[in-house]
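Below is one structure, written out as structure tokens; comments come after it.
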Amino acid sequence: MKHLNIVLLVVLFSYQSYSQTVPEGQIKVYDSYQPAKGSSTGLKNKFSINPLGILIGDYPIYYERMFGNTFSVELAAGLTYENYVGNLTTFGFFDVDSEFKRNFKVGSTYSISPKVYLNDDNFEGSYLCVVYRHRMYNSEAIQYQGQDISGVKEYNKLNSFTFNYGYVYDLGKGFLLDYYLGIGVRTQTVSQAHAEPSNVYPYTSSYVFTTEKTKKTLPSGMWGIKIAYSF
């Protein structure tokens, strides 16, 4: 009888422990509580890089700060260099048929982007954002028709506003994969070397080198992939 009472007490104690109320929105796992959403819950900071930026000579580092579980702001700053893709075509960049030879110089890049995560789950899932982005590409014309000239400074400035959709995958251990695409408008200002024949006798075969400035605003798209670390 004594042993039976001990068994009954153990069963009763176990039942009371098991029947404890689990708070709404949480899951009981091995006597501990876990949020019902997201392995990234509580992470508020994120650093990112865009490996595809090398194709357009754009090398920013992105920092994103989460405010709550839904809203964040991402800032980026870095350097630009030669736009390898842009130099293969005449679309919006320096004329590839130009008789000038150029040295490319370091420029600047920065952006700001407020974001809203649709899953209310910090740095995971779908998000929408507005992006303002600035890029400045610098170069110097050093030869014309194979002849050395005094350096003529050039630049290609790009300012854009886009509305983006993105999605963030949790890769584990704080690492994230972020892909995005968007559409908007871009204003491009180009200052490019220009050669004019000299009319001063007897130097009729010589040239005067100046710059020509053009500016245009066109529809623009944006897409990319970021590799990120959150903490």
Side-chain angles (χ1 to χ4, degrees), residues 45-67 70-98 102 104-118 123 125-141 153-169 176-194 211-228:
N45 304 282
K46 184 173 75 171
F47 280 103
S48 308
I49 59 171
N50 181 358
L52 299 180
I54 191 173
L55 298 177
I56 58 172
D58 187 27
Y59 308 100
I61 296 177
Y62 300 86
Y63 171 72
E64 185 174 347
R65 173 68 180 179
M66 180 67 69
F67 300 93
T70 302
F71 179 73
S72 73
V73 176
E74 182 181 74
L75 303 174
L79 304 175
T80 62
Y81 195 60
E82 180 180 359
N83 188 327
Y84 301 100
V85 172
N87 291 336
L88 296 177
T89 70
T90 58
F91 179 74
F93 296 95
F94 295 124
D95 184 357
V96 295
D97 296 326
S98 172
R102 296 177 169 87
F104 292 92
K105 306 291 185 179
V106 172
S108 60
T109 178
Y110 58 83
S111 66
I112 181 170
S113 174
K115 297 183 179 181
V116 175
Y117 285 83
L118 304 182
F123 300 126
S126 299
Y127 66 84
L128 299 174
C129 65
V130 177
V131 182
Y132 169 73
R133 185 183 184 193
H134 166 88
R135 287 175 287 159
M136 174 72 84
Y137 294 93
N138 295 321
S139 64
E140 186 177 29
K153 293 184 178 180
E154 304 173 306
Y155 65 83
N156 181 13
K157 181 170 65 175
L158 303 169
N159 293 320
S160 64
F161 283 96
T162 57
F163 180 74
N164 292 9
Y165 167 81
Y167 194 92
V168 180
Y169 289 96
L176 305 169
L177 181 64
D178 178 354
Y179 75 85
Y180 55 92
L181 54 87
I183 189 170
V185 294
R186 182 180 71 185
T187 298
Q188 179 183 33
T189 306
V190 176
S191 179
Q192 186 174 0
H194 176 68
T211 57
E212 285 187 335
K213 186 175 180 179
T214 59
K215 184 176 181 179
K216 57 185 177 182
T217 300
L218 296 171
S220 177
M222 174 186 284
W223 65 276
I225 296 174
K226 295 176 188 173
I227 299 173

Self-check item: Test log, rule side-chain contact (heavy atoms from CB on, under 4.5 Å), inputs Phe47 and Ile49
Solution: CA-CA 7 Å; Phe47 280 103; Ile49 59 171; over 6 Å; no
Could you give the distance from [atom1] ([X]) to [atom2] ([Y]), rounded to the nearest 0.5 Å?
X      : Y      : atom1 : atom2 : answer
Asn45  : Ser72  : CG    : OG    : 11.0 Å
Leu118 : Leu128 : CG    : CG    : 4.5 Å
Thr211 : Lys153 : OG1   : NZ    : 12.0 Å
Tyr137 : Ile56  : OH    : CD1   : 4.5 Å
Cys129 : Phe163 : SG    : CZ    : 8.0 Å
Lys105 : Tyr81  : NZ    : OH    : 8.0 Å

Quiz item: Would you say Thr80's side chain and Met136's backbone share a donor-acceptor pair under 3.5 angstrom?
Solution: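 Checking the backbone N and O of Met136 against the side chain of Thr80, a donor-acceptor pair under 3.5 Å is found.
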Quiz item: Would a distance-only check, ignoring hydrogens and angles, find a side-chain to backbone donor-acceptor pair under 3.5 Å from Glu154 to Ser139?
Solution: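 Side chain of Glu154 to backbone of Ser139: no pair is present.
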Would you say that more than 12 heavy atoms from the other residues, nucleotides or ligands in this model lie under 6.0 Å from the [atom1] of [X], or not?
X      : atom1 : value
Ile61  : CD1   : no
Ile183 : CD1   : no
Leu181 : CG    : yes

Quiz item: Would Phe104 and Asn83 satisfy side-chain contact (heavy atoms from CB on, under 4.5 Å), going step by step from the backbone distance to the final call?
Solution: CA-CA 9 Å; Phe104 292 92; Asn83 188 327; over 6 Å; no
For residues [X] and [Y], report the shortest heavy-atom separation together with the two atoms involved.
X      : Y      : result
Arg133 : Ser111 : CA-CB, 4.0 Å
Pro114 : Val130 : CD-O, 3.2 Å
Ala141 : Arg102 : CA-CG, 4.2 Å
Phe71  : Met66  : O-SD, 3.2 Å
Pro51  : Ile227 : CG-CD1, 4.3 Å
Ala76  : Tyr62  : CB-CD2, 3.3 Å

Quiz prompt | Residues that Glu64 engages under salt bridge (Lys or Arg N to Asp or Glu O under 4.0 Å), provided they are two or more places apart | solution =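 Result, salt bridge (Lys or Arg N to Asp or Glu O under 4.0 Å) vs Glu64: Lys46, Lys115.
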Any side-chain heavy-atom pair from [X] and [Y] closer than 4.5 angstrom?
X      : Y      : value
Asn50  : Tyr180 : yes
Arg65  : Val73  : no
Thr189 : Lys213 : yes

Quiz prompt | Flag for Tyr59-Thr109: side-chain donor and acceptor within less than 3.5 Å | solution =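 Result is no, nothing qualifies.
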Quiz item: With distance as the sole criterion, is a donor-acceptor pair present between the side chains of Arg186 and Asn159 under 3.5 Å?
Solution: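 Checked: Arg186/Asn159 side chains show no N/O donor-acceptor pair below 3.5 Å.
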Quiz prompt | Worked check of side-chain hydrogen bond (donor to acceptor under 3.5 Å, both in side chains) between Asp178 and Tyr127 | solution = CA-CA 10 Å; Asp178 178 354; Tyr127 66 84; 2.7 Å; yes
Practice problem: Test Lys215 against Thr187 for side-chain contact (heavy atoms from CB on, under 4.5 Å), laying out the working first. | Solution: CA-CA 7 Å; Lys215 184 176 181 179; Thr187 298; 3.6 Å; yes
Practice problem: Look at the aromatic rings of Tyr117 and Phe123 and report parallel, tilted or perpendicular, splitting at 30° and 60°. | Solution: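 If you compare the ring of Tyr117 with that of Phe123, the planes turn out perpendicular.
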Quiz item: What's the verdict on side-chain contact (heavy atoms from CB on, under 4.5 Å) for Tyr84 and Leu55, showing C-alpha distance, side-chain angles and the deciding distance?
Solution: CA-CA 6 Å; Tyr84 301 100; Leu55 298 177; 5.9 Å; no
